[in-house]
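This report refers to the structure that appears directly beneath it.
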Amino acid sequence: MASGSGGVAGVEMQKKRTAILISGRGSNMSALLSAAEAPDFPAEISLVISNRPDAAGLQVAEAAGIRTLVLNHRDFADRIAFDASLDAHLRIESIDIVCLAGFMRLLTPWLVERWRNRMINVHPSLLPAFPGLDTHGRALEAGVRFHGCTVHFVRPVMDSGPIILQAAVPVLPQDDADGLAARVLRQEHAIYPAALRLLAGGQLSVENERVEITGARFPTEVMISPEA
Ligand code: GAR
């Protein structure tokens, strides 16, 4: 259930209760937390869950006053048991939207389907190119001229699903994987909050596994990187 907050001219805006799933440093989580501070942002971050007790992002979330939960995958017999617990916690907290933000664990098709079109992910490549790990090194190896990042709805196949927003970053002659990763990450921090705003604001629909955006204020501005 979404909670109310003060809206414009006395109109109540129902903010979507959003959970962020992390496994590590949580810089994308931080970008979402910052965006959600805006009074007109249509999502509130209600819960941060990590599958790793040592995820640095947990402390960041706690410092921001966000409820955190560790579901250590090592404590569960298998993926099905882990995902059943995850799903139960999300439902107990009346979560509307789930954002995967560096959550480095495969989810079962059962869980993904339960959250169909309500679970999104950020990935550091221009999908469908370079799903999986080491995307920046593989982009350099392939000699692509443009690299980037994608926010997409989650589907059972890893790093696949209808694309919501992308940002392109030119690959420069002097780039190494770390430099390229840093430039792509800045774009992740721009498009992930933008995508959550669109989803929570009811501006996205999925037709034939393609995303339609309605009434957007700025998608073209975030799809093309302003950085050289
Ligand atoms: C980000 O670059 C994100 O795109 C990537 O992990 C990093 C997490 O960083 N996710 C994936 O590769 C998912 N396939 P963060 O913890 O600082 O947000």
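Whatever order the structure lists ligands and atoms in, that order sets their numbers, starting from 1.
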| task | Could you name the option among Thr135, Val60, Val151, Val122 that has the heavy atom nearest to atom 10 (N) of ligand 1? | result |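 Among Thr135, Val60, Val151, Val122, the closest heavy atom to atom 10 (N) of ligand 1 comes from Val122.
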Closest protein heavy atom (residue, atom, distance) for [atom]:
atom	result
atom 16 (O) of ligand 1	Gly26 N, 2.8 Å
atom 8 (C) of ligand 1	Gly102 CA, 3.6 Å
atom 4 (O) of ligand 1	Glu188 OE1, 2.6 Å
atom 12 (O) of ligand 1	Pro124 CD, 3.3 Å

| said: For Asp159, state whether at least one heavy atom is located under 4.0 Å from any atom of ligand 1. | reply: yes
| Proximity flag Met158 to ligand 1, non-hydrogen atoms under 4.0 Å |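 Per 4.0 Å heavy-atom rule, Met158 does not contact ligand 1.
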| remark: Near Met104 (heavy-atom distance under 4.0 Å), the atoms of ligand 1 are 11 (C), 12 (O)
| remark: ligand 1 to Ser27, heavy atom cutoff 4.0 Å, flagged ligand atoms 15 (P), 16 (O), 17 (O), 18 (O)
Is the closest side-chain donor-acceptor distance between [X] and [Y] under 3.5 Å?
X	Y	result
Trp115	Asp87	yes
Thr150	Gln166	yes
His189	Ser27	yes
His152	His123	no

| Which of parallel (below 30°), tilted (30 to 60°) and perpendicular (above 60°) describes His147 and Phe130? |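 The arrangement is perpendicular - the two ring planes meet at more than 60°.
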| said: One thing to verify: whether Arg155 and Glu209 come together as a salt bridge, which I'm taking to mean a side-chain N less than 4.0 angstrom from a carboxylate O. | reply: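 Answer for the salt bridge query: yes.
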| task | Give a yes or no on whether a salt bridge exists between Arg210 and Glu207, defined as a side-chain N under 4.0 angstrom from a carboxylate O. | result | no
| query | When only distance counts, is Asn121 in polar contact with ligand 1, meaning an N/O pair under 3.5 Å? | reply | no
